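Working notes, beginning with the structure itself.
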Amino acid sequence: MAKYYNEPSHTFSEYLLIPGYTGPDNIPENVSLKTPLVKYKKGEKPAITLNVPMVSAVMQSVSGDRLGIALAKEGGISFIYGNQTIAEEAAMVAKVKNYKAGFVISDSNIKPDASLNDVLALIHETGHSTVAVTSDGTSSGELLGIITSRDYRVSRMKGTELVRDFMTPREKLIVGDRNTTLSSANDIIWDNKLNQLPVVDDQNHLMYLVFRKDYDSHKQNPNELQDEEKRLMVGAGINSRDYKERIPALVNAGVDCLVIDSSEGYSVWQAETIQWVREKYGDTVKIGAGNIVDGEGFRYLAEAGADFVKIGIGGGSICITRETKGIGRGQATAVIDVAKERDKYFEETGIYVPICSDGGIVYDYHITLALAMGADFVMLGRYFSRFEEAPGQKLVINGNTVKEYWGEGSARARNWGRYDLGQGKKLSFEEGVDSYVPYAGLLKDNVAMTTLKVKATMCNCGAFNIPELQEKAKLTLVSSTSIVEGGAHDVIVKNNDNSYNK
């Protein structure tokens, strides 16, 4: 006979935190959000500790190298999406690892035989007015010239003019070399009254751009997540199919942590993948696994050797796994259940395996709830997809600026490696949707506000760090009517555009 759970599973929106005693020192600036990313033994320190409990999802529309850099600078870590060629993913990892403060990898690049119309379309897409002209149109091709707004006038040109005919050519450019420091780059910019300085290698291949406007903006980020060599840290997603070829390439690129990207992780294939990593690399390569929704699934992956375990099936905003397969669990209940098993496993073995809540986060306070329920950190997709640094295209629809956001189980992503159960390289049916999300600006500004909210709530609970929050938290289920009560109600709310909604 099937096993039945008598209690319904719940979501984060069905819970609230009961405030605890707030002392005079319980202010946000005294709260630490440091949390372990990977497992460690009792009495020891984890090999990787996050400075904020936020990681980005293994998704094409979320975790590219730009977002990887931006999130690491704020103290979290991105898991570069694996649904691309091995070489492409390794290149993204390398870009994050090779990043230097103030040195920007150009994301607006074009070939010399393109037209002015192509340049204008590229500027519209990226929002950046400086375009590098390279031999192959990539950010690392041979530098042939630069285009800025000074090089063309739309009102006096047809649009069909070729880039090579109106760009500022390489021989007229002042450039830096691979030994150029940020200080010397800024000196060159100011001494020559430049707006930007291209930095090239010995073969004249473009490496970075340094901008005049960034002179004062690259101060030390106190939460920056760095490795022992002071490089930004970055993760990468893999699948349980081509891992024997993909992992060595990612390791060579400098990846700090891997995660097996799968819609359902309680499987022999994940155990085999972890076993292969341990046999080849021992504990030097860190690898997370998942996703699971109960203690049994956690125990299986922990015993298989996972460095952390991800929780969540069907709770993502673009995920329809529950609709198509009928599997999953309310995210809050799943986190609570797995956290109990994690603590039990720690008591038995002395090994602490961090757990990650992946999905189900709608509001910022849901992050605090997930942490209070036992999660060590959260993985976010929709949240990060809204930002300037996410890979999705920025569009204006009905007067509103949005970004594209699509699920890995959608036909657009075609991520067979994440969902395939042996039927071949295809998606038999969709488990995700293609959508838009409201554009929210820069990652830095949004993460700062979100973490401030988390810290403020922790202060209300009398907690100075995440373990203390988990120890002191008092959680209550709420009724549907009290959820309504918790928002604005019985008033006419004035919007910022001076229109009104009830």
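Heavy atoms only: backbone and side chains are in, while hydrogens, waters and symmetry mates are out. This structure is a prediction, so every number in the text was calculated from the model and none was measured.
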Under the side-chain contact (heavy atoms from CB on, under 4.5 Å) criterion, do Cys257 and Phe79 qualify, and how do the steps go?
-> CA-CA 8 Å; Cys257 187; Phe79 286 91; 4.2 Å; yes

Do you know which two heavy atoms are closest between [X] and [Y], and how far apart they sit?
{"X": "Leu250", "Y": "Leu258", "value": "CD1-CD2, 3.8 Å"}
{"X": "Tyr365", "Y": "Tyr15", "value": "CE1-O, 4.2 Å"}
{"X": "Gly137", "Y": "Asn109", "value": "O-CB, 3.4 Å"}
{"X": "Ile292", "Y": "Val338", "value": "CD1-CG2, 3.6 Å"}
{"X": "Glu389", "Y": "Ala70", "value": "CG-CB, 3.9 Å"}
{"X": "Ile351", "Y": "Tyr345", "value": "O-CD2, 3.7 Å"}

State plainly whether the residues [X] and [Y] are in salt-bridge range, i.e. N to O under 4.0 Å.
{"X": "Glu348", "Y": "Arg299", "answer": "yes"}
{"X": "Asp294", "Y": "Arg329", "answer": "no"}
{"X": "Lys39", "Y": "Asp376", "answer": "no"}

How far apart are the C-alpha atoms of Glu388 and Lys394, what are their side-chain angles, what is the distance that settles it, and do they pass the salt bridge (charged side-chain N to carboxylate O under 4.0 Å, His left out) test?
-> CA-CA 8 Å; Glu388 176 68 35; Lys394 188 164 58 176; 3.0 Å; yes

Check step by step if side chain to side chain donor-acceptor pair (under 3.5 Å) holds for Tyr383 and Thr450.
-> CA-CA 10 Å; Tyr383 176 89; Thr450 296; 2.7 Å; yes

Polar side chain donor-acceptor pair, Arg231 to Tyr99, under 3.5 angstrom =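 Looking only at side-chain atoms, Tyr99 and Arg231 do not form any donor-acceptor pair under 3.5 Å.
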
Going by atom types alone, do Ser56 and Ser63 pair a side-chain donor with an acceptor below 3.5 Å?
->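 Yes, because at least one side-chain N or O of Ser56 sits under 3.5 Å from a partner of the opposite role on Ser63.
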
Nearest-0.5 Å distance that lies between atom CE in Met458 and atom NZ in Lys472 |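 That separation rounds to 10.5 Å.
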
Gap between atom CD of Glu224 and atom CD of Glu74 - 0.5 Å precision |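 The distance works out to 8.5 Å.
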
Using modelled atom types only, decide if a donor and an acceptor are shared between the side chain of Arg246 and the backbone of Glu89 within a distance under 3.5 Å.
->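 Looks like no, no N/O pair under 3.5 Å.
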
Carefully, step by step, assess Glu272 and Ser240 under the rule side chain to side chain donor-acceptor pair (under 3.5 Å).
-> CA-CA 8 Å; Glu272 289 176 350; Ser240 56; over 6 Å; no

